[in-house]
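Since the structure is predicted, the reported quantities are computational estimates derived from the model, not experimental observations.
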Amino acid sequence: MDLRYSPAAERFRREIRRWLAESVPATWRRPGFWIDRDGSEESLELRRRWEKDRFENGFAGVDWPAEYGGRGADQEIRAVHDEEMARARAPIGPFLGLTYLGTALLGPTLLRYGTDAQKRTILPRILSGETIWCQGFSEPESGSDLAGLSTAARRDGDVLVVSGQKTWTTLARHADAMFALVRTDPAAERRRGITFLLIDLTLPGVRVRPIRQMSGSQEFGEEFFDEVRVPIDGNVVGRIDDGWSVARYLLSVERNASPISQYVEFRHELDDVIAAARQVRKDGRPAIDDPQVRTRIARCRADLELLRVRGYDAMTRTARGEDLGADASVTKLLWSRTRLAIADLGADILGLDGHLSAGPDGGHHDQFGHLRWRHLHVRGQRIAGGTAQIQRTIIARDLLGLPR
């Protein structure tokens, strides 16, 4: 097995590294920079400008067809792109990337299921950051049980009239539009009668309310739809009542979304924890000297290397045109478990005294504030993209062939 990148990929690496060195200020690379500005207008404006600059310089959607604003590059170039973006601590990913849900989830789904008109009009605006998208799947009574959704969309001529509620929606406060699942045939079986619908969040009848997490972040929100009239033409992806097949594809993409960049990002987080372990003293000596701490660090490093190898495997299979299917659930379980283990290790190294020493603003503005924030923030990783229990059920049924 040869894990080296091709000469073309290495040339691209040098190109993107030069651009990132010029485009990502040193202050952005400080672990607590974005956490300190979480939810601020300053953060929003910086990230909007960043997305526009990235697009104009040809580093957005590098593996998308050129006619939609991408480079038409292969999966190897995409992997190098993801590695270098994460290595430079650029504002990407589900927490900082304003275009993340569009580029990582909706874009690939439209490339497979969208009409030519949808691809021409929507995809370039995703890459440029002109349209910020959020995902409307979860509801108050149907989170992991996605097929139990109840947000209704009844047909009235050439529009679907949407009523209901979505919740735990990433980027809800900043989004211009939502890709959502709605029930268009209430009499159909659970996984039938569902439609994948694109909803303009500026339409009359839409109300968005932020959800404040225990970390202080307000990246999530909930949305209320009161007789919102959505034109059918251009806004239904796939066919009416057949949105479940579209959603299944999107979920497989979400659960396997760029493990290469996740590997690099989580290595940064583990490095932050190791740095803290060298500074914090326990029983009169650095925490890094504690055998249990060193064992946990080693376990996290091993799991990260496994995530990296799975990323290469996913890249290879995707390049061959294979559907990752239930294998994506294995990757999702691995990355969510590993990130949680890293955050918990950081919290344990700080100990109770380290948490109680936080400043009056919640403790985000000191050398260990990012570790405290991360420990609280990543709890939701266990349910993002489907809970661990759901992933294990998929693995047991589809990979191991176990009975229901």
Result block: side-chain N/O donor-acceptor pairs under 3.5 angstrom for residues 20-28, not counting sequence neighbours:
unit_1 : atom_1 : unit_2 : atom_2 : d
Ser23  : OG     : Trp19  : O      : 2.8
Ser23  : OG     : Trp19  : NE1    : 3.1

Going by atom type alone, with no hydrogens or angles, which donor-acceptor pairs under 3.5 Å involve a side-chain atom of residues 224-236 and a protein atom two or more places apart or on another chain?
unit_1 : atom_1 : unit_2 : atom_2 : d
Glu227 : OE1    : Arg154 : NH1    : 3.2
Glu227 : OE1    : Arg154 : NH2    : 3.2
Glu227 : OE2    : Arg154 : NH1    : 3.1
Glu227 : OE2    : Ser163 : OG     : 3.1
Arg229 : NH1    : Asp156 : OD2    : 3.1
Arg229 : NH2    : Asp156 : OD2    : 3.3
Asn235 : ND2    : Pro231 : O      : 2.8

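With sequence neighbours left out, the side-chain hydrogen bond (donor to acceptor under 3.5 Å, both in side chains) criterion links Asp74 to no other residue. Partners of Asp272 according to the salt bridge (Lys or Arg N to Asp or Glu O under 4.0 Å) rule, which considers only residues two or more places apart in sequence or in another chain, are Arg89, Arg374. For the side-chain hydrogen bond (donor to acceptor under 3.5 Å, both in side chains) test, residues two or more places apart in sequence or in another chain that qualify with Thr131 are Arg125. Residues meeting the side-chain contact (heavy atoms from CB on, under 4.5 Å) test with Ser128, sequence neighbours left out: Phe55, Glu130. For Gln279, there are no side-chain hydrogen bond (donor to acceptor under 3.5 Å, both in side chains) partners at least two apart in sequence or on another chain. By the side-chain hydrogen bond (donor to acceptor under 3.5 Å, both in side chains) test, Glu84 pairs with Arg13, Arg17, Arg87, sequence neighbours left out.
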Review point. Yes or no on side chain to side chain contact (heavy atoms under 4.5 Å, CB included) for Phe137 and Leu251, after CA distance, side-chain angles and deciding distance?
Key: CA-CA 10 Å; Phe137 279 22; Leu251 288 171; 4.2 Å; yes
Exercise for review: Go through Ser6 and Glu76 one step at a time and tell me if the side chain to side chain contact (heavy atoms under 4.5 Å, CB included) criterion holds.
Suggested key: CA-CA 8 Å; Ser6 68; Glu76 190 181 26; 2.9 Å; yes
Exercise for review: Show your working on salt bridge (charged side-chain N to carboxylate O under 4.0 Å, His left out) between Asp303 and Arg337 and close with a plain yes or no.
Suggested key: CA-CA 9 Å; Asp303 283 344; Arg337 184 192 69 187; 3.4 Å; yes
Exercise for review: List the steps and the verdict of side chain to side chain contact (heavy atoms under 4.5 Å, CB included) for Thr202 and Asp176.
Suggested key: CA-CA 7 Å; Thr202 66; Asp176 306 298; 5.8 Å; no
Practice item. Could you go through the side chain to side chain contact (heavy atoms under 4.5 Å, CB included) check for Leu44 and Leu98 one step at a time? Key: CA-CA 8 Å; Leu44 178 61; Leu98 286 178; 3.8 Å; yes
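For the pair Ile16/Met85, a side-chain contact is recorded, criterion being any heavy-atom separation below 4.5 Å from C-beta on. The side-chain heavy atoms of Arg294 and Ile288, taken from C-beta on, include a pair separated by under 4.5 Å. Considering only heavy atoms from C-beta on, Val293 stays 4.5 Å or farther from Lys282 through its side chain. Residues Thr184 and Arg155 fail the side-chain proximity criterion, which asks for heavy atoms closer than 4.5 Å. With a 4.5 Å cut-off on side-chain heavy atoms, Arg339 and Glu265 count as touching. Side-chain contact check for Leu399 versus Ser329: every heavy-atom pair is 4.5 Å or farther apart. Contact of the Ile394 side chain with the Gln391 side chain is registered, since non-hydrogen atoms from C-beta on lie closer than 4.5 Å. Residues Thr151 and Arg183 are not in side-chain contact: their nearest non-hydrogen atoms beyond the backbone lie 4.5 Å or more apart.
Cation-pi contact between Arg71 and Phe59: present, with separation from the ring centre below 6.0 Å and deviation from the ring axis of at most 45°. The cationic group of Arg308 does not satisfy the cation-pi geometry with Tyr312, failing either the under 6.0 Å distance to the six-membered ring centre or the 45° limit from the ring axis.
Residue pairs that meet the salt bridge (charged side-chain N to carboxylate O under 4.0 Å, His left out) test with at least one member in residues 98-110, sequence neighbours left out, do not exist here. Listed by first and then second residue, the salt bridge (charged side-chain N to carboxylate O under 4.0 Å, His left out) pairs that reach into residues 390-399 come to none, sequence neighbours excluded. Sorted by first then second residue, the ring pair (Phe, Tyr, Trp, His ring centres under 6.0 Å) pairs that include residues 170-196, not counting sequence neighbours, number zero. Applying the salt bridge (charged side-chain N to carboxylate O under 4.0 Å, His left out) test to every pair with at least one member in residues 50-59, sequence neighbours left out, gives these pairs: Glu51-Arg54, Lys52-Glu56.
In terms of heavy-atom proximity, Leu111 sits nearest to Pro65 at CD2-CD, 3.9 Å. Taking each heavy atom of Arg173 and Pro210 in turn, the nearest pair found is CD-CB, 3.5 Å. Counting all heavy atoms, side chain and backbone alike, Leu181 lies closest to Glu139 at O-OE2, 4.5 Å. Nearest approach of Ile349 to Ala287, heavy atoms of both residues: CG2-CB, 4.1 Å. Listed here is the closest heavy atom pair of Pro108 and Thr103: CD-O, 3.2 Å. The two residues Leu334 and Arg310 have their closest heavy-atom pair at CD2-CD, 4.0 Å.
Atom CD of Glu42 is separated from atom CG of Leu46 by 5.0 Å, given to the nearest 0.5 angstrom. The distance from atom CD of Glu223 to atom CH2 of Trp168, rounded to the nearest 0.5 Å, is 12.0 Å. Summarising the geometry, atom OG1 belonging to Thr170 is positioned 9.5 Å from atom CG belonging to Leu105; distances are rounded to the nearest 0.5 Å. From Trp64, atom CH2 reaches atom CG of Leu123 across 5.0 Å, with rounding to the nearest 0.5 Å. Rounded to the nearest 0.5 Å, atoms NE2 (His81) and CD1 (Ile77) are 11.0 Å apart. Here the CD1-CZ distance, from Ile342 to Arg299, works out to 12.5 Å after rounding to the nearest 0.5 Å.
Within 6.0 Å of CZ in Arg248 there are 12 or fewer heavy atoms belonging to other residues, nucleotides or ligands. Other residues, nucleotides and ligands place no more than 12 heavy atoms under 6.0 Å from the CD atom of Gln292.
Here the side chain of Thr99 pairs no donor or acceptor atom with the backbone of Gly102 at under 3.5 angstrom.
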